[in-house]
2 protein chains.
Amino acid sequence: MLQLRDLPTTEVLTKFAKRYPDADITAVSSFLHLLRVATDLSIALDTCLSKHGLLQGRWWVLILLMREDSKTSTPSALADKAGVTRATMTGLIDGLEQSGLVARIYTKDDRRSVLISLTEAGQAKLDVVMPDYYRRLRQCMQALDEEKRRQLQQILGLINSGISAFI
Amino acid sequence: MLQLRDLPTTEVLTKFAKRYPDADITAVSSFLHLLRVATDLSIALDTCLSKHGLLQGRWWVLILLMREDSKTSTPSALADKAGVTRATMTGLIDGLEQSGLVARIYTKDDRRSVLISLTEAGQAKLDVVMPDYYRRLRQCMQALDEEKRRQLQQILGLINSGISAFI
DNA sequence: TTGACATAGTTAGCTGGCTAACTATAATGT
DNA sequence: ACATTATAGTTAGCCAGCTAACTATGTCAA
């Protein structure tokens, strides 16, 4: 998401601000650091998941299925919740099905639709991955007390409201 | 980076924490919100840039060139700073060269190497894009006073130090 | 001085997203 | 009741990253 490694120093930002007076140096700096840390977090998460033979896409599908009491859902619903297109979800399910972690179940009531079901093996995979993920995440966020976590959420809310300025 | 749209509610997290006692609910929640907002910011930035016929990759290359006093650099150096492989940089430069925004200059001193130079058209493009980007970013971050920006940077620093827990 | 290694750039082919187009089925309104 | 429209899933092909392998050039030590 943010590839850039060489974030601008204050000097560089000051130089740019001279040519482009609209530049708000602390705004740019906060923005880029936010993207940088979030990107590194996402990469680190992928590293963790890949140790279990998963990537974010397929992992989220398993989690979304586990959230359901029935341990089942449809590709469309999964696509909406996972934030990918239905076309992409077809591919994710293909992969998970081949690994035996989910199963396609064809029902009679709406013959356009398919039920995707978390298999025993899929649940077993989650029972290995999730504790590892939660332990690492707890460790990662350890340095933030509840007050700081609250502050972060509040700040993120403010930024989130501002995103529309880009569109 | 974080595709997932349907972030877990506190109820869902509580349910998961029952099965997986390592789960730290506010840690997970802060983590996911951070990724969610950052991803939306990145998408919004792409939207803004695409109005100018650019994507992040090519845009950063132009900016990296503009940072240099000579307005030139090499593909390798650009790749390092932009955080992409040299192979990817070849493609970015190909595109920018075709649009006339940069030029490849072959020098004599090291015949393995090429100098990439920001053209007049490239500088002119930045002179249109950057003010637009800075204006929107200022607007986006408007709701954060300097104190909150400082808090954010500090919190990001703490999280950043924790990322190693994932690796 | 020449053989081994290192560096710069490119190419080829993989991946996981995407959109657009397609098939099949269901729902709806006249 | 049937034509239109909407929905579910899939397929085909695009895009921007990636790795691995390759060419060309430069460096260095025996």
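The chains referred to below are lettered A, B, ... by the order of the sequence lines, with proteins before strands, and numbering in each begins at 1. These figures come from a predicted structure and were not determined experimentally.
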[X] side chain: which of [options] is closest?
{"X": "A/Val84", "options": "D/dG9, C/dA26, C/dC18", "value": "C/dC18"}
{"X": "A/Arg112", "options": "D/dC18, C/dA6, D/dA8", "value": "D/dA8"}
{"X": "B/Arg86", "options": "D/dT10, C/dT25, C/dG9", "value": "C/dG9"}
{"X": "B/Leu55", "options": "D/dA16, D/dG26, C/dG9", "value": "D/dA16"}

From OG1 (A/Thr39) to CG (B/Leu2), nearest 0.5 Å: 11.5 Å

Is the distance from OP1 or OP2 of [N] to the nearest side-chain N or O of [X] less than 4.0 Å?
{"X": "B/Ser113", "N": "C/dT7", "result": "no"}
{"X": "A/Thr88", "N": "C/dC18", "result": "yes"}
{"X": "A/Thr90", "N": "D/dG9", "result": "no"}
{"X": "B/Thr85", "N": "D/dC18", "result": "yes"}
{"X": "A/Ser76", "N": "D/dG9", "result": "yes"}
{"X": "A/Arg104", "N": "D/dT10", "result": "yes"}

Under a 4.0 Å threshold between the charged nitrogen and the carboxylate oxygen, would B/Arg149 count as salt-bridged to A/Asp24? yes

Between A/Glu68 and A/Lys81, does any NZ, NE, NH1 or NH2 come within less than 4.0 Å of an OD or OE carboxylate oxygen? yes

Closest-nucleotide ordering on DNA chain D, the 5'-leading residue of B/Gln56 and A/Met89: A/Met89

5'-most by nearest nucleotide on DNA chain D - A/Gln3 or A/Ala77: A/Ala77

Would you kindly give the [atom1]-to-[atom2] distance between [X] and [N], to the nearest whole Å?
{"X": "B/Arg5", "N": "C/dG17", "atom1": "CZ", "atom2": "C1'", "value": "14 Å"}
{"X": "B/Glu97", "N": "C/dG9", "atom1": "CD", "atom2": "C1'", "value": "13 Å"}
{"X": "A/Asp109", "N": "C/dA27", "atom1": "CG", "atom2": "P", "value": "10 Å"}

Using the ring of each side chain (for Trp, its six-membered ring), is B/Tyr20 parallel, tilted or perpendicular to A/Tyr134, with breaks at 30° and 60°? tilted

For the residue pair B/Gln123 / B/Asp127, report whether a side-chain donor-acceptor contact shorter than 3.5 Å exists. yes

